[in-house]
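Note that the structure is a prediction, hence the values are computed from the model and not measured. Both counts, for ligands and for their atoms, begin at 1 and track the order of listing. Position 1 is the first residue of the sequence, and the numbers go up from there.
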Amino acid sequence: MKLVIQGGNALRGSVKISGAKNAALVLIAASAIARGEVILDNVPRIADVEHQLEIVQALGGRVEWQEQGRLLLSWPDQLDVALPYHLAKKLRASNLFLGALAARVGQARMPLPGGCDIGFRPMDLHLKGLNAMGFDVELEHGFINVKAREPRGGRIYLDFPSVGATENIMMAAVGVPGTTIVENAAKEPEIVDLASFLVGAGATISGAGTDLIKIEGHPAASRGVGNSGETTRFSVIPDRIEAGTYMIFAAAAGVEVTIENVISRHLQPVIAKLNDVGLEVAVGEDSLVVKRSGPLRATDIKTLPYPGFPTDLQSPMMALLCLAQGTGVISENVFDNRFRVADELKRMGAQIRVKGHLAVIEGPVRLLGAQVKATDLRAGAALIVAALAGEGETEICQAELIERGYEKVAEKLCALGASIKYVD
Ligand code: UD1
């Protein structure tokens, strides 16, 4: 699938941000821990969510989309513990069923996960955590087998505040007796959302959003928390990465754009950097107004775990820096191999040098429409930034990767005045 964009249209108006992909993906897995039904609101209808739901169904769970963005999930007493290879390889977040199944059933079997091709993404921290809680972990023929041996609370220090490892450990810890403490835990808003959901379902968790999280496991929780007759209702937080992406679209091609359904404190590192490049951002209660009044200025960016600048917005920022006056330096500190979009941007006229985890961007350059390829989800978003600001027509191949994480992106951008359409 291709996205075809005619550059040069000024964006103005309002856009509503969807629920957070990364929160929805973990909550869908975590629903297995609740004994009763789960109703999630503000769930984005994107390809990654649909893939995660296929896994729920393959494991025996029931999935029902109700009204717009509302998802009902329920799990039987007996569920399957083996994730099918063909589904798990579609997205890395399939690995989040490991912690959920460990809590609910005491065992799980899954292939080493797939997902965006953005460097080496090992699972050592997830497995170290499960091991510290008394789970046997074996790797055999590309599969991970986890089985409760003597499950009990443990104390786990993460060498790096991995989002997925923190989430898997939190979920598994709900189902083992005793106290589990995670040190150097990830502090992302999606972790706080997971903790709030689990607490709402009957778990005892404190410290989420700080680097020390404490989980009191319930000995009786090996078959889930809460009561089977109870429904856990929860609304997913707005997607801070989608919001940040639309702020960058507005910076590249906007006059004045209102971004609705946001939690502005989740966007502080992004707002600070967009101020640096010369954008005015007015913060409302649950909206932001982004205004570009003059030329853009270069800035330096270091990606870091939250509350640092998010790695997921690094590629769109790279495209934006091509339009800014001066030399910008990006230092990518979360993933390796996340600069592949630079070569695609160069096809449009960008001047970017990449060395190791550093990229140097010279601007401003005249970006010209070209045929380019989305190498991953966020690279796809970066190419849209360049195409909106570029001259002439840009054709983005592999646009289905963009659909993994951005709900109705073409529709939302059209409503803002862009010329963008899908072509098979
Ligand atoms: C999550 C997000 C992703 C985001 C990333 C970092 C989801 C579904 N995805 O991915 O959008 O870009 O956080 O904010 O929530 N690592 C290890 N060992 C491990 C686990 C991770 O070395 O056991 C390394 C990874 O290789 C990577 C870094 O830690 O270099 C960050 O990974 P992690 O925070 O785990 O990212 P994900 O949870 O996969």
Side-chain angles (χ1 to χ4, degrees), residues 19-30 43-44 46-49 51-52 55 88 90-100 110 112-132 137 139 144 146 156-172 182 184-194 211 236-237 239-245 266 269-270 302-317 331-339 356-357 376-382 401-402 404-406:
K21 166 178 91 72
N22 289 348
L25 292 175
V26 70
L27 294 176
I28 289 168
V43 181
I46 49 175
D48 271 11
V49 162
H51 293 149
Q52 200 78 327
I55 297 176
K90 287 188 182 169
L91 79 169
R92 180 169 164 90
S94 58
N95 69 14
L96 297 168
F97 285 96
L98 208 57
M110 63 172 298
L112 285 164
C116 277
D117 182 10
I118 48 172
F120 185 55
R121 297 172 90 174
M123 290 204 48
D124 55 325
L125 300 171
H126 304 235
L127 304 181
K128 182 177 139 186
L130 289 167
N131 210 247
V137 177
L139 292 180
I144 301 171
V146 169
I156 297 136
Y157 176 85
L158 297 178
D159 300 337
F160 183 89
S162 152
V163 174
T166 303
E167 292 171 342
N168 259 333
I169 294 167
M170 279 167 69
M171 288 187 281
V182 191
N184 200 26
K187 296 186 280 207
E188 269 68 3
E190 293 75 17
I191 303 278
V192 179
D193 226 31
L194 171 62
D211 57 10
V236 178
I237 47 170
D239 196 314
R240 65 197 165 95
I241 305 301
E242 189 197 12
T245 306
H266 294 167
V270 183
K302 283 194 180 85
T303 67
L304 287 170
Y306 190 85
F309 190 89
T311 173
D312 286 345
L313 288 176
Q314 181 261 103
S315 297
M317 274 310 274
S331 142
E332 172 56 63
N333 301 302
V334 178
F335 288 112
D336 51 7
N337 199 20
R338 212 176 197 184
F339 286 143
H357 73 112
D376 65 60
L377 162 64
R378 308 303 173 187
L401 287 177
I402 305 173
R404 293 184 63 154
Y406 291 96

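Less than 4.0 angstrom separates some heavy atom of Val334 from each of these atoms of ligand 1: 27 (C), 28 (C), 30 (O), 31 (C). The ligand atoms of ligand 1 that sit less than 4.0 angstrom from a heavy atom of Val163 are 1 (C), 13 (O), 33 (P), 34 (O), 35 (O), 38 (O).
Using a 3.5 Å distance cut-off with no hydrogens or angles, the side chains of Thr311 and Glu332 do pair a donor with an acceptor. Side-chain contact annotation: Tyr406 with Arg378, donor-acceptor N/O pair under 3.5 Å present.
The shortest N or O to N or O distance between Asp312 and ligand 1 is below 3.5 Å. On a distance-only criterion, Arg92 and ligand 1 share at least one N/O pair closer than 3.5 Å. The shortest N/O to N/O separation between Leu125 and ligand 1 falls below 3.5 Å. Checked by distance only, ligand 1 and Arg378 stay at 3.5 Å or farther apart across all their nitrogen or oxygen atoms. For a threshold of 3.5 Å applied to N or O pairs, the pair formed by Gly164 and ligand 1 contains at least one separation below that value. Residue Asp124 has at least one nitrogen or oxygen atom sitting less than 3.5 Å from a nitrogen or oxygen atom of ligand 1, judged on distance alone.
Between Asp48 and Arg404 there is a salt bridge, with a side-chain nitrogen of the basic residue lying less than 4.0 Å from a carboxylate oxygen of the acidic one. Lys21 has no carboxylate O lying under 4.0 Å from a charged side-chain N of Glu242, or vice versa, which leaves the two without a salt bridge.
Between the side chain of Glu167 and the backbone N or O of Leu194, no donor-acceptor pair lies under 3.5 Å. Judged by distance alone, with hydrogens and angles left aside, the side-chain atoms of Asp312 form no donor-acceptor pair with the main-chain N or O of Ile241 at under 3.5 Å. Here the side chain of Asn168 pairs a donor or acceptor atom with the backbone of Gly99 at under 3.5 angstrom.
With a heavy-atom cut-off of 4.0 Å, His126 touches ligand 1 through backbone and side chain alike.
Counting heavy atoms from C-beta on, the side chains of Leu91 and Ile55 come closer than 4.5 Å.
Across Ala93, Gly405, Ser162, Pro122, heavy-atom proximity to atom 25 (C) of ligand 1 is greatest for Pro122.
Within the 4.0 Å heavy-atom shell around ligand 1 one does not find Ala165.
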